[in-house]
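The structure appears right after this line, and notes come after that.
The figures that follow rest on heavy atoms only: side chains count, while hydrogens, waters and symmetry mates do not. In this text, all values refer to a predicted model and were calculated from it rather than measured experimentally.
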Amino acid sequence: MTDPDPVVRKADDVEYEAVGAAEGMEKGVLIGDEQGAPNFAIRRFTLEPGAEVPEHTNEVEHEQYVLEGEYVVGIDGEEYEVEAGDSLLVPAGVVHWYRNEGDAPGAFLCAVPNGDDEIRLV
């Protein structure tokens, strides 16, 4: 295996798409396997005011960093109010969800291992 080449992506080069089961949420892959990252992907999610993401699980762990806004995250039956600067670990297989009750958008970075990530609604 050869070492990857360095990559610098401009914000305008990242395409965002709606997240299927979550109205008001969009995802952009900042760096991932398509850019030659061998192990991890960094994604940026936005949560519009009023957005709700239903309870679901993922096959892989998630490390998250809140960039802006305030919103509620449910993890394994507990609710957490998060804001810019907060960090989260969502272990693989753990039920979690999001809800933006505020008037301002929320955004977070999410780092995950590359590869398939089966999402199951609960």
Q. If you draw a 6.0 Å radius around CZ in Arg120, do more than 12 non-hydrogen atoms from other residues or ligands fall strictly inside?
A. no

(Q) Filter on ring pair (Phe, Tyr, Trp, His ring centres under 6.0 Å), then keep only pairs touching residues 14-54, sequence neighbours left out; what's left? (A) Phe45-Phe108

(Q) Tell me every residue that passes side-chain hydrogen bond (donor to acceptor under 3.5 Å, both in side chains) with Glu101, counting only those two or more places apart in sequence or in another chain. (A) Arg99

Without placing hydrogens or testing angles, list every side-chain donor-acceptor pair under 3.5 Å for residues 66-77, not counting sequence neighbours.
none

**Q.** From CG (Leu88) to OH (Tyr80), nearest 0.5 Å
**A.** 9.0 Å

Q | Listed partners of Tyr65 passing ring-ring contact (aromatic ring centres under 6.0 Å, His included), at least two apart | A | none

(Q) Checking Val122 now: which residues fulfil side chain to side chain contact (heavy atoms under 4.5 Å, CB included) with it, not counting sequence neighbours? (A) Glu55, Thr57, Val95

Q | salt bridge (Lys or Arg N to Asp or Glu O under 4.0 Å) contacts in which one or both residues fall within residues 32-43, not counting sequence neighbours | A | none

**Q.** N/O donor-acceptor pair under 3.5 Å between Asn114 side chain and Ala37 backbone
**A.** yes

Q: Can you sort out the partners of Ile42 under side chain to side chain contact (heavy atoms under 4.5 Å, CB included), two or more places apart, ordered by chain and number?
A: Leu30, Leu109

Q) Are any non-hydrogen side-chain atoms of Thr46 and Pro105 less than 4.5 angstrom apart? A) no

(Q) Would a single hydrophobic cluster contain both Met25 and Val29, if residues Ile, Leu, Val, Met, Phe, Trp and Tyr are joined by side-chain heavy-atom contacts under 4.5 Å? (A) no

(Q) For residues Leu121 and Val94: do they belong to one hydrophobic cluster (side chain heavy atoms under 4.5 Å, members Ile, Leu, Val, Met, Phe, Trp, Tyr)? (A) no

Q: Keeping to residues at least two apart or across chains, list the side chain to side chain donor-acceptor pair (under 3.5 Å) pairs with something in residues 89-98.
A: His56-His96, Asn58-His96, Gln64-Tyr98

Q: Could you list the residues that satisfy side chain to side chain contact (heavy atoms under 4.5 Å, CB included) with Ala84, not counting sequence neighbours?
A: none

Q) According to the salt bridge (Lys or Arg N to Asp or Glu O under 4.0 Å) rule, which pairs have a member within residues 11-28, sequence neighbours left out? A) none

Q) Taking ILVMFWY side chains as joined if any heavy atoms are under 4.5 angstrom apart, and letting links pass through other members, which residues group with Val7? A) Ile31

Q: Mind checking side chain to side chain contact (heavy atoms under 4.5 Å, CB included) for Ala51 and listing every partner two or more places apart, or none if nothing turns up?
A: Leu47

